Novice: 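Got a structure here, written out as structure tokens. Questions coming.
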Number of protein chains: 2
Amino acid sequence: MSTAEETADGQTSAWGEVTPDAARRLLVAAVEAFAERGYHATTTRDIAGRAGMSPAALYIHYKTKEELLHRISRIGHAKALEILRVAARGEGTATERLADAVSSFVRWHAGGRTTARVVQYELDSLGPDARAEILALRRQCDAEVRAIIEDGVASGEFDVLDVKGTTLAVLSLCIDVARWFSLDGPWTPDEVGALYADLVLRMVGVG
Amino acid sequence: MSTAEETADGQTSAWGEVTPDAARRLLVAAVEAFAERGYHATTTRDIAGRAGMSPAALYIHYKTKEELLHRISRIGHAKALEILRVAARGEGTATERLADAVSSFVRWHAGGRTTARVVQYELDSLGPDARAEILALRRQCDAEVRAIIEDGVASGEFDVLDVKGTTLAVLSLCIDVARWFSLDGPWTPDEVGALYADLVLRMVGVG
DNA sequence: CAGCAGGCTAAGCGCTCGCTCACCTTCAAC
DNA sequence: GTTGAAGGTGAGCGAGCGCTTAGCCTGCTG
């Protein structure tokens with residue numbers, strides 16, 4: 001195995017920042033377990049077992065099971081925000097930037113749906129403080145998409161009745177990909193990304 | 001209290017078919033608890049407590065905690081399917097029927113989001129047999145929406161590149177309403193229904 | 001009134017959970 | 001070669017879980 005690790009669903013992980021090695025293995029194991037069964041149905045024994053360690057080893061690197069979820073959520077949301085930022089603040093027309101944002105955001109949710117599922121659906125299992133921190137990142141994601149749509153409306157590219165509602169719908173559509181997407185299904189992440197970019201452009205009145 | 005019961009989020013329930021009274025109270029309590037905390041984080045003691053009964057009372061009316069989820073899922077999916085059927089098989093053009101289907105489906109997810117959340121997001125907590133039964137209902141929901149879209153394509157009302165993918169996206173958009181909608185937010189269920197019907201018509205190229 | 005079936009509870013069983021603790025190994029520093 | 005920090009284990013604690021059981025009310029039947 002090289003230094004670039006692979007998760008079960010083939011996504012090149014962004015967990016490189018997590019050290020030491022044992023802590024990263026535990027984190028990756030937790031992502032897979034949480035995605036499969038949900039946070040509450042996952043036991044610390046299961047996580048440690050997947051990482052090839054004893055149950056007690058988990059507590060050398062993490063204070064609680066919830067800290068694992070918190071770390072996963074923060075890193076995952078940071079990655080999602082980065083993807084949207086790059087697209088939103090890139091060059092090109094609002095149309096091009098929106099298509100870019102949607103297709104790359106959807107590709108991330110489809111290709112890394114193990115991570116995305118945890119990040120998007122296990123939020124409520126966090127305590128109030130951690131939850132508030134993550135919700136702040138989420139609001140920033142919303143702001144990036146809204147900025148593109150507002151640009152498009154201002155330039156006359158888009159025809160949108162309700163900017164806030166449309167922004168929410170676009171993000172909602174992308175996020176829900178993590179719920180239904182499967183690599184066994186008929187589409188690749190790239191294909192869903194392209195399809196969704198087209199659908200979203202129609203939603204904002206392009207074409 | 002009248003015979004028409006109200007859940008915490010103000011939805012007039014469709015639980016009238018559940019008898020006797022104690023069994024219905026337990027079911028409504030379970031819906032609320034599952035929606036708030038998720039199936040695995042909900043205890044049978046919590047459900048019984050919300051229904052004003054002792055923990056043991058639950059097992060007079062239901063064999064297991066999972067049977068509660070199963071019953072909720074089946075009744076909820078049947079209701080969702082009925083909503084789509086009425087819209088899909090009503091009179092009018094494909095455009096009118098699609099708008100009707102989306103707005104009423106979204107209204108159900110928003111107004112009864114307590115129920116909808118359980119129905120749409122706790123499916124994986126069911127055992128294989130129950131899960132398969134519910135997935136069959138879900139496929140019927142998909143078929144109803146797809147039929148409308150195919151009608152619209154055939155009549156020339158719609159311009160759709162990928163009927164299967166667009167059907168999935170439409171349903172996905174509607175379902176995700178249950179995740180984010182809140183009565184404390186800026187919209188009523190009716191408003192979201194109208195907004196989403198407009199967005200979906202744009203997705204299928206009605207313009 | 002006695003008999004009894006259905007609905008309910010208090011108590012608690014067996015189990016697994018998140019988490020801890022006493023102890024062991026490895027290895028770099030001196 | 002000794003030491004001490006870092007990383008790991010096996011055993012197990014207290015708590016809470018889903019679920020059961022013995023027995024108690026209540027109201028209908030004869």
Side-chain angles (χ1 to χ4, degrees), chain A residues 1 5 15 17-73 118 122 124-131, chain B residues 1 5 15 17-73 118 122 124-131:
Chain A
M1 243 212 229
E5 65 278 25
W15 307 121
E17 64 187 85
V18 181
T19 54
D21 184 69
R24 181 172 52 248
R25 270 159 50 218
L26 284 164
L27 202 93
V28 170
V31 170
E32 289 172 7
F34 291 162
E36 264 178 42
R37 311 214 221 286
Y39 175 78
H40 286 292
T42 298
T43 68
T44 53
R45 284 164 176 82
D46 182 23
I47 296 169
R50 284 174 193 247
M53 305 169 83
S54 78
L58 196 152
Y59 294 92
I60 296 166
H61 300 283
Y62 302 95
K63 259 168 62 189
T64 61
K65 176 177 149 186
E66 192 193 319
E67 192 190 323
L68 267 167
L69 179 60
H70 186 190
R71 293 269 268 262
I72 292 166
S73 284
V118 177
E122 300 294 339
D124 290 339
S125 300
L126 287 171
D129 292 352
R131 197 158 171 277
Chain B
M1 238 206 233
E5 66 277 27
W15 307 121
E17 64 187 84
V18 181
T19 54
D21 184 68
R24 181 172 53 249
R25 269 159 49 218
L26 285 163
L27 201 92
V28 170
V31 169
E32 287 172 9
F34 291 162
E36 263 177 45
R37 309 211 221 289
Y39 175 78
H40 286 293
T42 298
T43 69
T44 54
R45 284 164 177 83
D46 182 23
I47 296 169
R50 285 174 192 248
M53 305 170 82
S54 78
L58 195 151
Y59 294 92
I60 295 165
H61 300 283
Y62 302 95
K63 259 170 57 192
T64 62
K65 176 177 148 186
E66 193 193 318
E67 191 190 323
L68 268 166
L69 180 59
H70 186 190
R71 294 269 269 261
I72 292 166
S73 284
V118 177
E122 302 293 338
D124 290 340
S125 300
L126 287 171
D129 292 353
R131 197 159 171 276

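Predicted model, so just to flag it, every value in this text is computed and none were measured. Chain A is the first sequence line, chain B the second, and so forth, proteins listed ahead of strands; every chain is numbered from 1.
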Novice: Please confirm whether the shortest side-chain N or O distance from B:Tyr59 to OP1 or OP2 of D:dT20 is below 4.0 Å.
Specialist: no
Novice: Measure the distance from CD on B:Glu67 to C1' on D:dC19 and round it to the nearest whole Å.
Specialist: 14 Å
Novice: A:Ala51 and A:Arg25: which non-hydrogen atoms are nearest, and at how many Å?
Specialist: O-NH2, 3.0 Å
Novice: To the nearest Å, give me how far apart OH (A:Tyr62) and C1' (C:dG18) are.
Specialist: 17 Å
Novice: Would you check, one step at a time, whether the test side chain to side chain contact (heavy atoms under 4.5 Å, CB included) holds for B:Arg24 with B:Asp21?
Specialist: CA-CA 5 Å; B:Arg24 181 172 53 249; B:Asp21 184 68; 3.1 Å; yes
Novice: CG of A:Asp46 versus C1' of C:dC19: gap in Å, rounded?
Specialist: 16 Å
Novice: What I'd like to find out is whether the side chain of A:Leu126 reaches to under 4.5 Å of the side chain of A:His70, using heavy atoms alone.
Specialist: yes
Novice: Think A:Thr44 has a side-chain N or O under 4.0 angstrom from the OP1 or OP2 of C:dG18?
Specialist: yes
Novice: Rounded to the nearest angstrom, tell me the gap between atom CG in B:Asp21 and atom C1' in C:dC8.
Specialist: 14 Å
Novice: I need the minimum non-hydrogen distance between B:Ala48 and B:Pro55, along with the two atoms involved.
Specialist: CB-CA, 3.7 Å
Novice: Whole angstrom is fine here: how far is it from CG in A:Leu58 over to P in C:dC19?
Specialist: 9 Å
Novice: Shorter than 3.5 Å, N or O on both sides, protein versus nucleotides 5-9 of chain D: list them out with atom names.
Specialist:
unit_1 : atom_1 : unit_2  : atom_2 : d
D:dG8  : OP2    : A:His61 : NE2    : 2.8
D:dT9  : OP2    : A:Ser54 : N      : 3.0
D:dT9  : OP2    : A:Ser54 : OG     : 2.9

Novice: From NZ of A:Lys65 over to C1' of C:dT16, roughly how many Å is that when rounded to an integer?
Specialist: 12 Å
Novice: Can you tell me how far C1' of D:dC19 sits from CD1 of B:Ile47, to the nearest Å?
Specialist: 13 Å
Novice: Has A:Glu122 got a side-chain atom pairing as donor or acceptor with A:Leu69's backbone, closer than 3.5 angstrom?
Specialist: no
Novice: Any donor-acceptor pair, under 3.5 Å, between the side chain of B:Arg45 and the base of D:dG18, if you only look at N and O atoms?
Specialist: yes
Novice: Report yes or no: does A:Lys65 contribute a side-chain atom to a donor-acceptor pair with the main-chain N or O of A:Thr42 at less than 3.5 Å?
Specialist: yes
Novice: Take atom CG of B:Leu26 and atom P of C:dG7, then tell me their distance rounded to the nearest Å.
Specialist: 12 Å
Novice: Closer than 3.5 angstrom, by distance alone: can the side chain of A:Tyr39 be matched with the main-chain N or O of A:Asp124 as a donor-acceptor pair?
Specialist: no
